Amino acid sequence: MIAEILQYAATVPVTTKAHRGYIRYSVNLWSRARRCSSSWAVHEEKSRAAMLTAAAALRQKRTVVVLGSGLLRDVPIEALAKTFDTVVLVDLVHLASVRLWLRAKGYRNVRLIERDLSGYDDLRQTGNAEPLGFLRGVPYLDLVISANLLSQIGRGVKRRFEAEQGSAMPDDTVQRLIAAHIEGLRALPCANCLVTDISYAVIDRTGKTHETADLLQGVSVPRDIKASWSWPVAPLGEESRDYQIVHQVIADY
């Protein structure tokens, strides 16, 4: 608990006021990742491998943008920093520990951008959303990575939509913004890599599945999936001694 308090306190002053309400979610993720490090190791390794495979196919390695860089546990940041001229990390919150680690590594070609990638505000204000439109302004862009972000966008948008009932947002807001992210990646003139969890299952000790859910809210990923694997987000003992929560992850590039 003390570590979480210190992490939160250190992150507040380096986060813009508009995004400070989301720090607690990042701290909670950081805390769970530490507790579940051994259970998450395979997922993190497979995520990094997919991103590196996408990068290896490029003829030029000038700029790479990582959407949803988060804790950097599932991002091969050291390899990207060595092989690309510029690495841009984009997320709603960059924890103080992540900033400190990057500074200690001395990466001069890594840039941090704090940005809401959901497109929620644009959809509310204009009736249209192009959450990845800002990427058109990034020079020499050769690769965009969506790093285990898409389902988080879905959950965050759903939480905000339900809290703002009566705000005149479209009924299909969650689906529209998930689809906008996928379509935005596909429309890019450069290479892209999508790594995302698409569903989850609640499984008891005997292996029986008690509940399943579609994390993309019915939105399909109309691409050729290059890899898929299971991610025990909440292994036995994390939320209950009797069941675990396992997410299904896909990678395409």
Side-chain angles (χ1 to χ4, degrees), residues 8 11-12 15-33 65-71 74 89-95 113-135 144-188 192 194-202 210-223 231 233-234 239 245-250 252:
Y8 184 94
T11 303
V12 169
T15 304
T16 59
K17 188 174 181 179
H19 296 155
R20 288 176 182 172
Y22 300 99
I23 295 175
R24 64 189 178 96
Y25 299 111
S26 294
V27 173
N28 288 343
L29 179 63
W30 172 78
S31 183
R32 173 170 284 193
V65 173
V66 182
L67 307 173
S69 54
L71 307 177
D74 53 359
L89 305 178
V90 187
D91 214 329
L92 195 60
V93 172
H94 297 285
L95 289 176
I113 294 180
E114 188 181 311
R115 188 181 184 92
D116 179 0
L117 292 165
S118 72
Y120 191 96
D121 289 331
D122 288 340
L123 182 60
R124 179 167 56 185
Q125 293 168 9
T126 68
N128 189 31
E130 195 180 1
L132 304 187
F134 74 98
L135 292 172
V144 174
I145 298 170
S146 178
N148 290 297
L149 170 67
L150 189 54
S151 67
Q152 293 183 52
I153 288 176
R155 288 194 295 271
V157 167
K158 183 178 180 181
R159 182 167 54 240
R160 188 172 175 184
F161 177 77
E162 292 174 347
E164 297 179 3
Q165 284 294 333
S167 64
M169 290 292 286
D171 291 339
D172 62 346
T173 290
V174 179
Q175 292 83 0
R176 286 178 66 173
L177 293 179
I178 290 174
H181 186 88
I182 296 172
E183 292 164 5
L185 285 175
R186 296 185 70 195
L188 292 169
N192 64 85
L194 172 66
V195 179
T196 183
D197 42 347
I198 59 174
S199 63
Y200 75 78
V202 179
H210 292 264
E211 177 187 343
T212 60
D214 176 8
L215 292 171
L216 300 188
Q217 304 295 317
V219 178
S220 61
V221 183
R223 316 169 91 188
W231 173 20
V233 171
E239 293 194 2
I245 301 175
V246 181
H247 288 213
Q248 188 67 24
V249 185
I250 60 101
D252 191 32

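All figures in this text were calculated on a predicted structure; none of them were measured in a lab.
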Quiz prompt | Note: Asp121-Arg160 ion pair, threshold 4.0 Å (strictly below) | solution = yes
Practice problem: State, to 0.1 Å, how close Tyr200 and Leu215 come at their nearest heavy-atom pair, and which atoms those are. | Solution: CD2-CD2, 3.7 Å
Quiz item: What closest approach, in Å, do Glu239 and Ala234 show between heavy atoms, and which atom pair accounts for it?
Solution: CG-CB, 4.0 Å
Quiz item: So which heavy atom on Thr212 is nearest to which on Ala201, and how close?
Solution: CG2-CB, 4.0 Å
Self-check item: Glu130 side, atom CD; Leu135 side, atom CG - distance, nearest 0.5 Å
Solution: 9.5 Å
Practice problem: Examine Arg155 relative to Tyr25 and say whether NZ or CZ is less than 6.0 Å from the centre of the six-membered ring and inside a 45° cone about the ring axis. | Solution: no
Exercise. State whether the side chain of Glu114 and the backbone N or O of Thr16 hold a donor-acceptor pair below 3.5 Å, judged by distance alone.
Key: yes
Exercise. Working to the nearest 0.5 Å, report the span between OH of Tyr120 and CD of Glu164.
Key: 4.0 Å
Quiz item: Taking side chain as C-beta onward, heavy atoms only, is Val195 less than 4.5 Å from Ile145?
Solution: no
Practice problem: Locate the shortest heavy-atom distance separating Val93 from Ser26; write the atom from each residue and the value. | Solution: CB-OG, 3.6 Å
Quiz item: Is a side-chain donor or acceptor of Asn192 paired with a backbone partner of Val144 at a separation under 3.5 angstrom?
Solution: no
Quiz item: Pick from Ile182, Leu185, Ile178: which one makes a side chain to side chain contact (heavy atoms under 4.5 Å, CB included) with Val221?
Solution: Ile182
Quiz item: When you measure from the side chain of His94 to the backbone N and O of Ile113, does any donor-acceptor pair fall under 3.5 Å?
Solution: yes
Self-check item: Gap separating the CG atom of Asp197 from the OG atom of Ser151, nearest 0.5 angstrom
Solution: 3.0 Å
Quiz item: How long is the span from the OG atom in Ser199 to the CD1 atom in Ile250, to the nearest 0.5 Å?
Solution: 10.5 Å
Quiz item: Hey, is the main chain of Gly218 close enough, under 3.5 Å, to the side chain of Asp214 for a donor-acceptor pair?
Solution: yes
Quiz item: Between the main-chain N or O of Met169 and the side-chain N or O of Arg124, is there a donor-acceptor pair closer than 3.5 Å?
Solution: no
Quiz prompt | Spacing of CH2 belonging to Trp30 relative to OG1 belonging to Thr11, to within rounding of 0.5 Å | solution = 9.0 Å
Quiz item: Atom CG of Asn148 and atom CG of Leu67: how far apart are they, to the nearest 0.5 Å?
Solution: 12.0 Å
Self-check item: Trace of the side-chain hydrogen bond (donor to acceptor under 3.5 Å, both in side chains) decision for Thr126 with Asn128
Solution: CA-CA 5 Å; Thr126 68; Asn128 189 31; 5.6 Å; no
Quiz prompt | Atom of Ala129, atom of Leu123 and distance for their closest heavy-atom approach | solution = CB-CB, 4.1 Å
Quiz item: Considering only heavy atoms from C-beta outward, does the side chain of Leu194 approach that of Ser146 to under 4.5 Å?
Solution: yes
